[in-house]
Amino acid sequence: MPDTLLLDAPEAGVRLITLNRPAALNALNTQLLGELAALLDELEADDGCRAVVLTGSQKAFAAGADINEMAERDAVGILNDPRVAHWQRIGRFPKPLIAAVNGFALGGGCELAMQADIIIAGEGARFGQPEINLGIMPGAGGTQRLLRAVGKAMAMQMVLTGEAIDARHAQRLGLVSEVTQPEFTVERALAIGRVIASKAPLAVRLAKEALLKAMDCDLATGLRLERHAFTVLAASRDRAEGIRAFQEKRAPVFTGN
Ligand code: HXC
């Protein structure tokens, strides 16, 4: 079991990962990112896992990359930084990933939340890219994913001033899909996970892939990919089951085939 993470299975088909470096406000060191990437690899292979919720503590989802660790790396060290590969592995996770964010989601913490497919935030959550205050800039997607999530003007403002925004503001911008009372953030994220876990896994997987593709390709390419995925699903047993269940006025039983 990883040292820096907790893993629970509170609902059928749903796994809950809790970042667990409370003394450092869940600062993302190499060990934590490596353990998270390895755990997601395991959950990818686990047919019993159909959705994952990722959370931190009430005080901090994650306060960024571990600054003390970062201080020890020069340019060559950063070029060879193993964390880059960990970030890439996390980004390749093919199942739905829901971030349940309370407290600080700063720097790498905001970037990690943006690796999730859905962000649920508690009142009091703070999203920001404060790297500029350290004389650096975001390095794990903060200029790219943030701009796609909130638009150019707000991304510029957040990255260039380093100032954070609150949960309600993040929701208005589209970075966050729902805001809850902080004590219900994980519960709400798990409930969404449970709904997704009840759907046909292949359809969920291909829909996620098509939606992510929409962020980095032109419309014609995206529409082509969507059509291919839609066609592939016609070969699945779950599609036949979903349609038959509708016609027979009963709930479908999806098997992932
Ligand atoms: C290492 C951190 C940390 C971090 C907090 N801590 N953030 N340690 N890396 N990113 C540690 C503190 O040193 C302190 O340890 C303990 O956590 C509690 O933090 P406090 O500062 O005492 O708490 P508080 O006063 O409540 O302030 C909370 C805070 C502040 C506003 C979030 O901690 C803060 O500004 N943190 C840094 C945020 C940041 O700049 N993030 C971006 C990092 S750069 P001790 O031992 O003193 O108790 C980044 C680049 C990503 O993310 C690039 C990816 C490739």
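Numbers here simply count residues along the sequence, with the first being 1. Just follow the structure's listing: the first ligand is 1, and inside any ligand the first atom is 1. Please read these numbers as outputs of a predicted model, since none were measured by experiment.
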Can you tell which part of [X] has a heavy atom less than 4.0 Å from ligand 1: side chain, backbone, both or neither?
X: A23; answer: backbone
X: L28; answer: neither
X: A27; answer: side chain
X: M70; answer: side chain

Do [X] and [Y] sit within salt-bridge range, that is, some charged N less than 4.0 Å from a carboxylate O?
X: D8; Y: R15; answer: no
X: E163; Y: R126; answer: no
X: R148; Y: D216; answer: no
X: E69; Y: R83; answer: yes
X: D66; Y: R21; answer: yes

Has R205 got more than 12 heavy atoms of other residues, nucleotides or ligands less than 6.0 Å from its CZ? no
Just wondering, more than 12 heavy atoms not from D74 lying within 6.0 Å of its CG? yes
Protein heavy atoms: any of them under 4.0 Å from [atom]?
atom: atom 50 (C) of ligand 1; value: yes
atom: atom 40 (O) of ligand 1; value: yes
atom: atom 45 (P) of ligand 1; value: no
atom: atom 4 (C) of ligand 1; value: yes
atom: atom 35 (O) of ligand 1; value: no
atom: atom 27 (O) of ligand 1; value: no
atom: atom 13 (O) of ligand 1; value: no
atom: atom 22 (O) of ligand 1; value: no

Which residue and heavy atom of the protein sit nearest [atom], plus the separation:
atom: atom 38 (C) of ligand 1; value: A63 O, 3.3 Å
atom: atom 20 (P) of ligand 1; value: L25 CD1, 4.5 Å
atom: atom 25 (O) of ligand 1; value: K59 NZ, 4.8 Å
atom: atom 10 (N) of ligand 1; value: A65 O, 2.9 Å

Answer yes or no: does an N/O atom from [X] fall short of 3.5 Å to an N/O atom of ligand 1?
X: P130; result: no
X: I67; result: yes
X: A140; result: no
X: I136; result: no

By the definition side-chain contact (heavy atoms from CB on, under 4.5 Å), identify the one residue from L6, V101, L16 that meets it with T55. L16
Assigning hydrophobic clusters by single linkage (Ile, Leu, Val, Met, Phe, Trp, Tyr; side-chain heavy-atom cutoff under 4.5 Å), is [X] placed with [Y]?
X: L97; Y: L112; value: yes
X: F61; Y: L39; value: yes
X: L146; Y: I90; value: yes
X: L43; Y: L5; value: yes

Nearest non-hydrogen contact with atom 6 (N) of ligand 1 belongs to which option: A24, A105, G109? A24
Looking at ligand 1, would E111 count as a contact under a 4.0 Å heavy-atom criterion? yes
Counting N and O atoms only, with roles assigned by atom type, does the side chain of T221 sit under 3.5 Å from a partner on the main chain of C217, one being a donor and the other an acceptor? no
Under 4.0 Å from a heavy atom of G139: give me the atoms of ligand 1 that qualify, with their elements. 53 (C), 55 (C)
Numbering as shown, the atoms of ligand 1 that approach G108 to under 4.0 Å (heavy-atom distance): 49 (C), 51 (C), 52 (O)
side-chain hydrogen bond (donor to acceptor under 3.5 Å, both in side chains), that's the test. Do E131 and Q129 meet it? Break it down for me. CA-CA 6 Å; E131 290 90 341; Q129 299 289 161; 3.1 Å; yes
